[in-house]
Amino acid sequence: TVQNLFYQMRIKLRAEKIGLASVGWETGQVVLRYPAGNNGKEEKRLTDLSNDIRGGKGAYWCTFGREADWRERLLDTLDLILKK
């Protein structure tokens with residue numbers, strides 16, 4: 001639907017502003033992944049943002065993917081990262 005297309009565009013624009021390489025699903029979680037570093041150094045672990053947004057090496061793992069309001073939570077999470 002047109003609403004889904006607009007939602008995807010909102011996600012894509014926020015992800016680009018943050019510098020994310022991808023936004024996707026893995027093992028029932030939403031994963032916000034940054035591009036891999038090219039400098040040969042090991043990537044630093046990102047800090048956790050909350051109990052359901054865990055930082056990892058170059059990615060945030062969001063466990064709210066199964067909640068009914070996951071779409072709004074994803075937008076809010078991208079806004080939170082953008083403001084950091």
Side-chain angles (χ1 to χ4, degrees):
T1 68
V2 173
Q3 287 180 333
N4 286 336
L5 180 59
F6 284 135
Y7 177 78
Q8 288 178 12
M9 290 172 56
R10 290 169 67 193
I11 296 297
K12 183 176 175 79
L13 290 172
R14 283 177 171 90
E16 285 179 356
K17 283 183 184 178
I18 296 168
L20 295 174
S22 66
V23 176
W25 289 91
E26 290 184 33
T27 61
Q29 298 179 348
V30 177
V31 182
L32 311 174
R33 194 172 305 281
Y34 286 94
N38 294 339
N39 57 9
K41 295 181 183 176
E42 185 174 330
E43 291 181 77
K44 287 179 25 177
R45 184 183 183 282
L46 299 171
T47 58
D48 295 348
L49 299 179
S50 68
N51 288 338
D52 56 358
I53 306 169
R54 184 178 52 84
K57 289 187 179 181
Y60 287 108
W61 295 81
C62 309
T63 58
F64 55 75
R66 293 184 180 177
E67 294 179 16
D69 65 344
W70 69 269
R71 289 176 177 239
E72 206 54 44
R73 296 281 316 274
L74 177 54
L75 287 170
D76 292 344
T77 300
L78 292 171
D79 287 340
L80 176 67
I81 296 169
L82 190 59
K83 292 175 185 173
K84 278 183 62 175

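Heads up: numbering here begins at 1 and tracks the sequence.
Of all the heavy atoms in V31 and A59, the pair that sits closest is CG1-CB, 4.1 Å. A pairwise comparison of heavy atoms in P35 and G19 identifies CD-O, 3.2 Å as the closest pair.
Using a 4.5 Å cut-off on side-chain heavy atoms (C-beta onward), I18 and L78 make contact. Between K57 and R33, the closest side-chain pair of non-hydrogen atoms is not below 4.5 Å.
Y34 contributes atom OH, which lies 6.5 Å from atom CG of L46 (distance to the nearest 0.5 angstrom). To the nearest 0.5 Å, the span separating CH2 on W61 from CG on L32 amounts to 10.0 Å. Separating the CG atom in L74 from the CZ atom in R71 is a distance of 9.5 Å, to the nearest 0.5 Å. Distance CG/L80 to CZ/R73: 10.5 Å, rounded to 0.5 Å. The CD1 atom of I81 sits 5.5 Å away from atom CG of L49, with the distance rounded to the nearest 0.5 Å. Separation of atoms CD (E72) and OH (Y7) is listed at 7.5 Å; rounding is to 0.5 Å.
Linking Ile, Leu, Val, Met, Phe, Trp and Tyr residues whenever their side-chain heavy atoms come within less than 4.5 Å leaves L13 and L5 in two separate clusters. Hydrophobic clustering (ILVMFWY, side-chain heavy atoms < 4.5 Å, transitive): L82 and L20 are in one cluster. One hydrophobic cluster holds both M9 and V2 under the rule that ILVMFWY side chains link at heavy-atom gaps under 4.5 Å.
Considering only residues two or more places apart in sequence or on other chains, Q3 meets the side-chain contact (heavy atoms from CB on, under 4.5 Å) condition with T1.
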Should R10 and L75 be marked as a side chain to side chain contact (heavy atoms under 4.5 Å, CB included) after you check the CA-CA gap, both sets of side-chain angles, and the distance that decides it? CA-CA 8 Å; R10 290 169 67 193; L75 287 170; 3.3 Å; yes
With side chain to side chain contact (heavy atoms under 4.5 Å, CB included) as the criterion, how do I53 and F64 come out once you've worked through the C-alpha distance, each side chain's angles and the decisive distance to 0.1 Å? CA-CA 8 Å; I53 306 169; F64 55 75; 4.0 Å; yes
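Other residues, nucleotides and ligands place more than 12 heavy atoms under 6.0 Å from the CG atom of N4.
Remark: the backbone N or O of G55 is paired with a side-chain donor or acceptor of R45 at under 3.5 angstrom.
Listed by first then second residue, pairs satisfying side chain to side chain donor-acceptor pair (under 3.5 Å) with a partner in residues 74-84 read R14-D79, Y60-K84, not counting sequence neighbours.
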